[in-house]
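Below you'll find the structure, written out as structure tokens, and then a few comments.
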Amino acid sequence: MFEMKKILKRLFCLAIAVVMLMSTAGAEGTSTYMAYRSNAVTISAADGLGIVSGTFVIKDLSITNGQDPDGRNYVGQVHTLENGEFTFSVGRSASESVASWFNSKISGYNDPSVNGDRTTFDQTADDLNFAFVGDLNLVVDTADDPQGLSVTFPDVVIAQGSTLFRNNWWFGQRSGQHTRDSDGPDTVLAIGSTTEGRTVYASFLRGGNEVNEISLEAIHVVEAAADSANKVVDVKNKFAALPIDGVQSNLEGFPGSYDPTVNHIQGYAQYDSCDHTRYSILTHSVGTAPYAHIVAGPKTGSDKWGFKTYLQNWRHPGGVQVMGDYLLVPSEQDASAHIALYDLRSLAVKELRRVETFDLAVSHKAGALGITSYEDKNGIEYYVMIVAHLDGENTVYHVYRALASNGIENARFSEVGSFESDKDFQGFGLITEDGTNDIYMIGLWSPSEGVIFADYAYLYQLNTETWTIGEALQQIHMVSVGGMAGMMGVHFRYGANVYVADDGTLTLSATERNSVLGSSLATNDWIPAIVN
């Protein structure tokens, strides 16, 4: 009986404390009653990486009213990583005001109306206890830097928001990007720099709602970006040396729970990274998701990743081309389109950085594009891009040009001309000839021939005064193999591409129409025979 009385007394005291706490709550649910808490968040690393040391220097902050009466948290405060943890001494009481402050600091990049996609949660916060913006400095032990790579990630955001059963830790960066699609991990691409000023890309993963842990999954020091076209020697002979028969290879590990009846491959590209990894890249329409998708990963093996394109409700990407370390992707609606630029160096950390300084809006549809760089007769370097408004025999190709002096990330394109064509090339590419600076266009076309599509490649030269192409210089009737039988097999009508490697090797490619989760995707390559 005595023990029961003690238990009842404790319960009564606890109830009184709860009532007192609730009675002091303000309009937002904040409270003047508080107790400082030691709020620890762990910074860990994936296998093969190690966090040697770290600091977090506060540059700005927001705390629910009444939860730091002693002013223990302030701008300029340095938190040191101890036993793998940063610890913040502050009370816990959630408020909309802190969340509003936090959301305003990390406004979205996918769409002006979409907020919060710079965090691992990929959404806006509703209520938060506290939020900090600061510089995260980490010394990381990597295979390439066993002595420790020192990196600063500016304007990192760390926040906490408690619910009835969970204690959510938010992590992101004001320049960061949540690049992975809804089937991918809860990661964010963070951008930093070494003490020598070299750019660093890193991928951070949240440990889950119940875990106060942020994991560094991958980190990579990038080389200076290549942002001009690789040139081809003797284009006409290289084109003539293309084989008739395609060589099949299958892409494994296609990610995502996609329904092949409403989604299909729109564009295909290949890319060689600085470590000599050949990547395959596909644009993929997704009618059941708010974003179109980009799928990328090493061409060999089963490691492929899904990324969302940047405009919400723009579900129709098109044919693409890679130039240097960059991928250009058109996305269209009924009568307009946007051209987006992606930095392929970020694939080293399994992320895909969209270049936020680049967004070309056009007042026509854009089913495919090609891009190259060249020098005019005065020695001035330009980028030239052709964007196709595909409409069967009434297709119009719009030509855009930009000065290359400030690099592709800051290029400002304007339309310089257009031409009509009776061929709707759903994949094409621009290439520049080494020595002459002449620009050629290779169009890849699959007209219907009965119950099958035929595949043709056409070579044109672009007139840089009239911005027209004239008649085809050459054409090749090619043979593709693999994929589903009939119309759905490998054809230029689906993912088709022109790629020039660093050594000037020219490759034409095509894919089949659909890929189903768990299956392989058939592709073909056509590479010229050696021309002496």
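Remember, predicted model here, so these are calculated numbers, not experimental data.
- Checked against the 6.0 Å centroid threshold, Tyr397 and Phe428 count as a close aromatic pair.
- Remark: Lys231 NZ is packed, more than 12 non-hydrogen atoms of other residues, nucleotides or ligands lying under 6.0 Å away.
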Report the C-alpha separation of Phe204 and Phe153 in whole Å, then their side-chain angles, then the decisive distance to 0.1 Å, and conclude whether the side-chain contact (heavy atoms from CB on, under 4.5 Å) test is met. CA-CA 12 Å; Phe204 287 89; Phe153 298 97; 4.0 Å; yes
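- With hydrogens and angles ignored, the 3.5 Å screen pairs no side-chain donor or acceptor of Glu381 with any backbone N or O of Ala404.
- Remark: Arg118 does not engage Asp155 in a salt bridge, criterion side-chain N to carboxylate O under 4.0 Å.
- Under the 4.0 Å criterion applied to side-chain N and carboxylate O atoms, Lys365 and Asp391 are not assigned as salt-bridge partners.
- Of the possible polar contacts, one joining the Tyr383 side chain to the Ile408 backbone as a donor-acceptor pair under 3.5 Å is found.
- Checked for salt-bridge contact, Lys308 and Asp122 meet the test: a charged N lies under 4.0 Å from a carboxylate O.
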Go through it in stages, so that I can follow the logic: the residues are Leu444 and Gln426, the test is side-chain contact (heavy atoms from CB on, under 4.5 Å), and I'd like the CA-CA distance, side-chain angles, deciding distance and then a yes or no. CA-CA 7 Å; Leu444 307 174; Gln426 307 218 2; over 6 Å; no
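- Across Glu351, Arg206, Gln177, a single residue satisfies side-chain hydrogen bond (donor to acceptor under 3.5 Å, both in side chains) together with Thr187, and that is Glu351.
- A donor-acceptor pair under 3.5 Å is formed between the side chain of Thr283 and the backbone N or O of Gly267.
- Of the charged side-chain nitrogens involved, none lies within less than 4.0 Å of a carboxylate oxygen, so that Glu252 and Lys304 do not count as a salt-bridged pair.
- When side chains are defined from C-beta on, Asn524 does not count as touching Met478, because their heavy atoms never get closer than 4.5 Å.
- Ring pair Phe425/Tyr458 is tilted by interplanar angle, where 30° to 60° counts as tilted.
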Kindly indicate, with the supporting measurements, whether the criterion salt bridge (Lys or Arg N to Asp or Glu O under 4.0 Å) is fulfilled by Asp525 and Lys299. CA-CA 12 Å; Asp525 289 325; Lys299 186 173 181 178; 2.5 Å; yes
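- Using cut-offs of 30° and 60° for the angle between ring planes, the His398 and Tyr400 rings count as tilted.
- If you check the side chains of His178 and Asp117, you find no donor sitting under 3.5 Å from an acceptor.
- Side chain of Asn497 to backbone of Val320: a donor-acceptor contact under 3.5 angstrom is found.
- Under a 4.0 Å N-O distance rule, the pair Asp343/Arg353 qualifies as a salt bridge.
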Go through it in stages, so that I can follow the logic: the residues are Leu462 and Asp438, the test is side-chain contact (heavy atoms from CB on, under 4.5 Å), and I'd like the CA-CA distance, side-chain angles, deciding distance and then a yes or no. CA-CA 8 Å; Leu462 180 67; Asp438 291 335; over 6 Å; no
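- Side chain to side chain, Trp445 and Asp424 meet the donor-acceptor criterion of an N or O pair below 3.5 Å.
- Within the 3.5 Å criterion, the main-chain N or O of Ile244 finds a donor-acceptor partner in the side chain of Trp526.
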Test side chain to side chain donor-acceptor pair (under 3.5 Å) on Thr432 and Thr372 and set out the steps. CA-CA 7 Å; Thr432 301; Thr372 191; 2.7 Å; yes
Carefully, step by step, assess Phe239 and Tyr440 under the rule ring pair (Phe, Tyr, Trp, His ring centres under 6.0 Å). CA-CA 10 Å; Phe239 183 84; Tyr440 291 85; 9.4 Å; no
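- Between the side chain of Thr507 and the backbone N or O of Ile527, no donor-acceptor pair lies under 3.5 Å.
- In this structure, Asp325 contributes its side chain and Ala226 its backbone to a donor-acceptor pair below 3.5 Å.
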Decide side-chain contact (heavy atoms from CB on, under 4.5 Å) for Val362 and Glu415; before the verdict, give the C-alpha distance in whole Å, the side-chain angles of both, and the deciding distance to 0.1 Å. CA-CA 9 Å; Val362 297; Glu415 187 167 1; over 6 Å; no
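- For the pair Arg278 and Tyr271, the cation-pi criterion (under 6.0 Å, within 45° of the ring axis) is not fulfilled.
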